[in-house]
Each structure stands twice: as structure tokens, then as C-alpha cells.
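Everything below concerns the one structure shown next.
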Amino acid sequence: MADLAANAPRFLADAQAIAAQVPDGAFVALPPDYSLVAAEVVRALVRRRARGLRLLGVPVLGYGADLLIGAGCVESVETSAVSLGEAGPAPRFTEAVESGALRVVDSTCPMVHTGLQATEKGVPFMPLRGVIGSDLVTERSDWKVIQNPLTSEPDPIVLAAAIEPDIALFHARWADRSGNVWIGRRRELATIAHASRRTYVTYEELRDGDMLEDELLAPGVLSSVYVTAAAPAARGAWPLGVVDLYAIDDAHLAHYGRVARTREGFERYLEEFVWRSTRERNSSPAPSHA
Amino acid sequence: MADLAANAPRFLADAQAIAAQVPDGAFVALPPDYSLVAAEVVRALVRRRARGLRLLGVPVLGYGADLLIGAGCVESVETSAVSLGEAGPAPRFTEAVESGALRVVDSTCPMVHTGLQATEKGVPFMPLRGVIGSDLVTERSDWKVIQNPLTSEPDPIVLAAAIEPDIALFHARWADRSGNVWIGRRRELATIAHASRRTYVTYEELRDGDMLEDELLAPGVLSSVYVTAAAPAARGAWPLGVVDLYAIDDAHLAHYGRVARTREGFERYLEEFVWRSTRERNSSPAPSHA
Amino acid sequence: MAEYAREELLACTVARLIGEAAHVAVGAASPIPATACALLLAQGRPLRVSLLHKRAGNPFTEGSRELFDLAGQGRIDVFFLGAAQIDGRANVNLVRAGGRRFPGSFGSAFMYFAARRTILFREEHSPRVLVPKVDFVSAPGVSAAGVWRRGGPQALLTGMALFRWQAERTRFRLESAHPGHDSAEIRARTGFDYDLAEPLASTPTPSAGELALLRGPVAREIAGNYPEFARRVWGRVAPV
Amino acid sequence: MAEYAREELLACTVARLIGEAAHVAVGAASPIPATACALLLAQGRPLRVSLLHKRAGNPFTEGSRELFDLAGQGRIDVFFLGAAQIDGRANVNLVRAGGRRFPGSFGSAFMYFAARRTILFREEHSPRVLVPKVDFVSAPGVSAAGVWRRGGPQALLTGMALFRWQAERTRFRLESAHPGHDSAEIRARTGFDYDLAEPLASTPTPSAGELALLRGPVAREIAGNYPEFARRVWGRVAPV
């Protein structure tokens, strides 16, 4: 993982082409379920039988991670939580941890953000208040409690080591021909991209013009300077949502949360929703199983 | 300076009412000339004969600070630079420092951002690379070089102390009736507001509806949670600019840069552009002196 | 007395616990705290509510980091924590116990320190949840002297009772039992030791006015962000 | 030989110094470096240029912090620094000297470490600017072993000459004199000691092709961000 700077905009054909860029064993940062998950790439990773991925939840993981874990693509997760939200616990995650198949590096939300902000600024660590007294500190050899060097009063404070993902992977509402992508108020995606060596983005629609030249759009843009490659994926977040475009498919997530409780149910789910062609998924309205 | 949280939106009548909220001696954070300076409030501060202000440049200062310095409102500046850009050195700043009338706490741009980010996160310090070997470090007793606690290799690194302004003061394109303001891509204004105990904003226009409910506008919004009070000020940034609305008045700034080289010229400038009524400024097109 | 759902009693109790506050933040999967906040707003309180997982019109523009920064700045007055285990020192465990894995600590290890008050909330009231000592401390209820801490536990609300946290004694005190539960049952179902208020009060039930608000504007509001919950409690379907 | 302005010669020289680079950042009040970048773009180079003070269509969306974060991430290949004083160890002073106050250090104390290469640029070539030792180190040219430093000085360009930085010797070497200047004059006007390349080359002058680009698309582009400069050099007025 050497390249940091992407210069000329690079477009790939589809989510499958993005999945081909994610090597086995990569440290991949993913957003939470409510923040533009590149679900179509997740399915493509399952189909290409990716192995040994190390996932970073920024700051939590959900449906996409559970799918990858169940399909055997994941070696470890570093995250503050893995959950399907209202649809309950993440079943494949829970099973994999309880059976010892998955290593979890437990964190707490602001420590993930802090570790990424450290990389974003190019510093090796960043402090955070709180956390002291949590067993998380004992388990994390990469965190360190020090005396605040700016005071002579006793004042212990924890340092997060910089987190440096190999790959940032997410979905966006728009891309433009300059390679910029629009992420709206989901600024964690910007932080992930700033901190990662490579950033791959799927997008709903290509937009004409340069979004950075438009003062109204620009505040929600992630500049192409951070984007290694982008590819189209209409409804690419499904069954998760894209605000103003399609809502999270609660019925489908609830269905997943139920059937994936067993290995067999999960395999049937994969068969139905992942192994069948992507094109079918994208061209027809997403099915709901209530 | 106690209050942090503003809840119900609070609107004031005009820039003068904002200036009345800024007490003598306050530590006031100001944006650079290219980033929405509340120039009308600056003029109102001169008119109300504010004294002892301590200015923070985020990360640099320009026209507004020079005006305040020349008018005797300022006790000290903490900044990476004070300059009129293409219009040359800031004449009143230069004179005040060379005559010993003004104390300068010299910084470097990313250290200002870093110190504010520390306050934004609620931590007492934040590290930054570089800077070591600069004489700035010797002068800044609030910075400290420590050994990176996460490595056993020799690795000195500098810590910025958290910077906690009393007041953030800037201009915005829009406010809405919920008290949110739109700052577009000028995210340093958000950082300033997050880190300051009180935030006062003038705005060009009031917009109907809640901008946070509009996904296209929201990424450029500073939520009312951070806004202590807002007041209308049409052309309130003049002679500086508001992108897409009016450009920086280069001819005026060049004029200022020339005449303010002498105390007498500066006094004449104040007489003409500050002591005369604000209303006159706001209601007619801003004059240019080339 | 009006008929009410247990969720409605709990939401009204949470609303009373919130009391005077400028800014309340509600984290993941917290429909009852969210309902309590919506009730206070429907009552006209000048409360600011930040729902971390609000799906539309999310209050944040800095992404999921902003809630934690807000708390770090001292701008969050009340926060909520649920947990798989809670002990008598107000420690919370969201990670693992007895071979079982839970979702994870979320922001607890920070928010419990940075918010001015935290209301612990867990509907299940059993010796499995309310333990003598948590198996894993996601976030501690009490910090050593010299450790920075802006706030801590205020109360523990379960489906059976309300406990107040006594900061000076670092222990809970049983404050009231919900209708249908008594002191002996609560003692039997609580794995940790606590102080008693004698005589034990009964948790106030929702008023007719509260119920009218809950079933009208509050239910509509909640259905948008917690559709499953709204359907279960009020038979409401999420708006599209 | 075509007639050219001194600014045009300097911009062409800066363009050659930039050479192969993916991302060049230009800070405050730097019309000549900005002109050099615009020239490279007009020549069709796949260069990314971030102008800190670009007035419209600013490339950043994180405000003025983003340039420094980009540099911290290792994404900035070339940066420019001017200074009131520069010494033979490539230290720069932007703060004060001999009772005079300058604007201040700007981002120099960070960017000089974090950008992969820094081109020092100052038109005035005099013993007042090029001093044996700066009165105040805004940013050091050389760092002690063990101090993190991604990059440092590449060259020093003045209105009279081009010096290359020799990292292994931590000294400048005079590489070329601009037309109309010679070795003796440069020695007399330079307050610090430096190595000589013998024989001393002459700085290449702008080609007809370069001049055509400079006076066409480049002048138009530059007039938007540096109106005073464009008017002085090309008689252009800023577009509204």
C-alpha cells in the first residue's frame, strides 16, 4: 500500500471492479449503517471470496461487516460496536466471536475518530478525555495513559495511536467528472478518506461540472485529491439508505437479522441476495421480506 | 464568560448590538480576510471604543485586526501573521509592534488550528509535527516539546495547549429562523465556534425554513447549538468579500494599505469609513478608492 | 387510572429524570429515551435533542464525530447508557460476559465522563443484568481522584424500578418501584447491594395529558427513527 | 531572444524547479509560484495545484486547516516559502529583524517539514535579505537527527540567481545567474557563504512558447487571484 495521492480522476466500471482493488488482508475502514455503506462492493467482495480482511468501524459496524464476517472474508474487526440497530445484534459477528473465529479489537467511538484524526493531521497520537478506568485501556496495547505534560497537577490522560487504514470504502450520492464525490454531512467519510492510503467510492449518479466550483455543493464534497477510484452503483447502498434518495430497508434488515441467526439461514440469504447477479439487484426495486 | 450552550435562537438588531456583547478585554477569535470577517462589527467595536481586546487569528489576521489595532482597541494578538495580502503589510499592526504598543504571541498556522481542535475535542493539548527548531517554540511557554510516548526511539514532538477563545466573531451568507448560519466551505469558522464560549455572527440574509433539514445546504451549516446570537448586516464583510455575492474590494484595501501608513492617514480613514454612520455604509454600494 | 404501556411509563419517568436540561443526546437503539425527549418537546420545553441516529434532518454536520466533540466541549447535559451488565458501582459492560458477546462499548467510555449527567437505562431487571461486579468495564461509574471527569451516573431506570445514584456514597438508592413490583421482588432480582428509601414510593404513572401527547405527536415523531418500536407500542407504521 | 519581464523569467524557472510533482501548494501572496503552476497546467502537465488563497472555486472544503492536514498526510509534494531573511543554513525568518516587524511565520514552521520539497523564493537579492544568520528562526532549514522531517529545502530562487540546496553538505550551491548578473555581483549581494558551480551557468530565459502561454491563459488565470500582480506584469485587470 504505497500510493497516497491520486491525481487524474480514475473511474472503474462497477462495484466488482472496486472489489478487485481491495487485496486480501487489507485494513479496510467502513462507515456505520446510517452513513453511506458501499453495500454493492461488500457483496462483490463476498463473491470474489476476499480473505483476511481487517475491518475498521468508523466508529461502528453493521450489516455490511456482518455479511463479510459470515462469508469468511474477515480476520479481525477494530470497532466500537457491531450491531444491526433496531434489527438487533449482528448475528454472524456474535457467532464468530463466541466461537473464537473472529478477533475483535474493541474500541469506543471517539477513540476511533481520534485515531483517524491523528493520521489526518500526520501525528503519531492524539489524546482523548475519559476512557481511563475502562477495561478497554488494559486490552489496547496501542493506547497509553500518560500524565498530561502541560500541568504539574496529577492529570492522567489517554493517547490513541494514529489509525492508518489501507483502504477507505464507501458510497456517495454523486461523483463528478473531475473525480470529486458528494458525501453531504457525513463528514466521517472525509476523515476516513483523509486518513487512508487509498479511497474507493461507489456513487449513485454522475453529475456534470466540477462540484468544487459550486459554492452550495462544495461544503459536502470530498475532493478528488483523496479519491483513488470511483465506480457507478445505482442503489449501491441497498439495503441501507441514501438520504433523500432511498430509505434504509428496515424490513429487509429485520429479515436478515432473523435468518442469519443460523449458519444455514445465512447461507440461504447469501445465495439469494449475493450470489445471484448484481445486475438483477440494481435494475429492479429491492425486495423486502417482512 | 460562563455560557457555552445557546438554546433558543437569539437574534440581535444589528452589528452594533453584537459589538455591545463583546466586553473589553475579551479573547476574540477572528477569521482571515478571505473567510467571512464581520467587518461591520469591527467598525462598531471601534465606535464603541472597545479596549484591551486580545485577538486570535485563525490562523492569520488582516484588515479587521489592523483597524482595531490602529483604533487602540487591542492589547495583544495571537496569530501566525497579520497582513493585507496583496495590499501589503498591515500598517497599524507593524507600527504598533515596532513602537512596543502591541504584544504579539507569534504562532504558525497549523498550531492555531491544532490548539482550537484541542478545545473542540475537550482535551488540554494536541500534538503537531514540525515546528521543532523554530524560535517560536522558545517563545511559547504554552507549547511543550516532549518525547513521543508511544515509541522508544528518540522522537521529539511539540504539543499545542488548547486555545479557548471567549468569543468567536464572524459573518455568514445566511441565517435561518432556527438560528443556524451557513458558512459554506469555511470550516475554520465552525472550528472557531466549536472552541469558543460564545459565538456572534452577522449575516447577509435571513432564509426561511431550517437549513439543517435541507441535505444540500446542511453540510455548510453551523448549527444554532453553537450560535449565541446573530444579527443582520447586509454587506457586513465589506471591504472584504462574501463568495458568490460580492468580491473583496481590492481597490479599497489598497487605498487603506497606503493611507494607514501614517497615524494621520489612518485617522482620516477612520473618520471617513468608521465614524460616519453604519447605515450609510450598508444602504449604498461600497465606495472604492483606487 | 388510565391504561398505559410499560414503555409509556418508562418514557414519562425518563422525562422527569431529564428535568431541567439545555441539551440531551440520545445514542444508538434508544427508543424510550428518544420518546422521553419527544414528550418534553411536545410539552413545549426549550430542550435541544440530538439524536445520534436520526435518519433525516440529522442535527450534525460534522458526521458522527460531532456528538463526541459536543460532549467534550461540555455542551451535552444528559446522555443515556444501556448495558448488558450494570453493577452497584454503576460500572457498565457492553462487551462480553460468560462466553456471550455483546455489540460493543459504543461511545460509553467517553460519554459517561463528558456528559454532565448520564441516565442508565435497561428494561430487563434481572440478576443477569444487575450484577455484583461487571465482567468487563466498558465505562466505570466512579473515577479515582485526579482523573478528569465532568459528569457521571444520575440514576438507573429498569422495567421494575428507579434507582438514584448517590455520588457521595458511590452507591445506588432504590427510589421507587413501578406499579406491580415491590421491594422484595426488586431485592431478589437485583444482583448488587443498594440503599433503601423507606417507605418505598411507587413510580408515578403517566397522566392523561402525557398519554395524549405520547400517542399523538410523539408517536408520529418516533415512528420516523424507531419504526419497529413505534409499531410495537402504538401500532404505528413508519412514514415513507 | 524574446523580450520578457523579470517575473516571467522567474515563473519559468520556478516551473522547471517544480518538475515532476503530483501536488503543489501555493500559500499567501505568492503570485510568481502561482504563475509557474498555471504555466505547467497550461502546458498540459497532470499537476494538482492548491492555492491557499484562491478566491473562487477554492479547492478546500475543510477551511484553511485542510492544506496543513494534506501536508501532514504526505500529499503535498512542493511548497513555497518567502522570507524577510534567509541564511546559508536555509533558515527562514518571517517575524522580525533589527527593530522591524514582518507579518509573521504563516505556516512555514510546519510546511517546511511536512511538504516533500520547499522552494525558497525571494525577489530581493541583497545582504539585508540573504544574511549570515537569521535574527529569528521561523522555520529551520536543517533538523537534528531524530527530529521528524519529511522534506526540506530544494532551492533558493532570487531576482538575481538560482541556488540549489545540498542536503548532504547543508549548504547552498550557486547554480545559475539570471541574465545581466554575474558571479561577483551575486557574491557581493549575498550575506551568507555558498558553494560555486564552475563555470557559472546562465539561467535559461523563457521560450517563445512559454511567453505565449504566460501572456494568454496564464495571465487570465492569475488576474483572478492576484489582480495587482497581473496588472503590473501584463497590464491585465481582474475579471469581476
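Everything quoted here is computed from the prediction, not taken from an experiment. Order of the sequence lines fixes the chain letters, A, B, ..., with proteins taken first and strands second; residue numbering starts at 1 for each chain.
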Greatest number of heavy atom pairs closer than 4.5 Å to chain A - which of [options]:
{"options": "Phe110(C), Phe102(C), Tyr112(C)", "result": "Phe110(C)"}
{"options": "Ala145(C), Ala71(C), Pro140(C), Ala144(C)", "result": "Pro140(C)"}
{"options": "Gly107(C), Ala114(C), Gly72(C), Ala139(C)", "result": "Gly107(C)"}

Do the side chain of [X] and the main chain of [Y] share a donor and acceptor less than 3.5 angstrom apart?
{"X": "Arg117(C)", "Y": "Leu17(C)", "result": "yes"}
{"X": "Gln166(C)", "Y": "Arg171(C)", "result": "yes"}
{"X": "Asn93(C)", "Y": "Ala84(C)", "result": "no"}
{"X": "Glu8(C)", "Y": "Pro206(C)", "result": "no"}
{"X": "Ser134(A)", "Y": "Val137(C)", "result": "yes"}

[X] versus chain C, the contacting section by heavy-atom distance below 4.5 Å:
{"X": "Val104(A)", "result": "side chain"}
{"X": "Glu153(A)", "result": "neither"}
{"X": "Leu128(A)", "result": "side chain"}
{"X": "Glu95(A)", "result": "neither"}

Exercise. Which of these passes ring pair (Phe, Tyr, Trp, His ring centres under 6.0 Å) with Trp182(A): Trp174(A), Phe170(A), Tyr203(A)?
Worked result: Trp174(A)
Per-residue contact mode, [X] against chain A (heavy atom under 4.5 angstrom):
{"X": "Ser64(C)", "answer": "both"}
{"X": "Arg150(C)", "answer": "neither"}
{"X": "Arg65(C)", "answer": "both"}

Exercise. Between Ile132(A), Asn148(A), Val58(A), Thr108(A), which has the largest tally of heavy atom pairs under 4.5 Å with chain C?
Worked result: Thr108(A)
Problem set entry | Interface residue of largest heavy-atom contact number with chain C, from Thr191(A), Val137(A), Asp106(A), Val97(A), under 4.5 Å | Asp106(A)
Problem set entry | Between Phe229(C) and Trp234(C), ring centroids under 6.0 Å | yes
Exercise. Could you go step by step and tell me if Arg140(A) and Glu78(A) meet the salt bridge (charged side-chain N to carboxylate O under 4.0 Å, His left out) rule?
Worked result: CA-CA 11 Å; Arg140(A) 293 292 301 251; Glu78(A) 174 172 352; 2.9 Å; yes
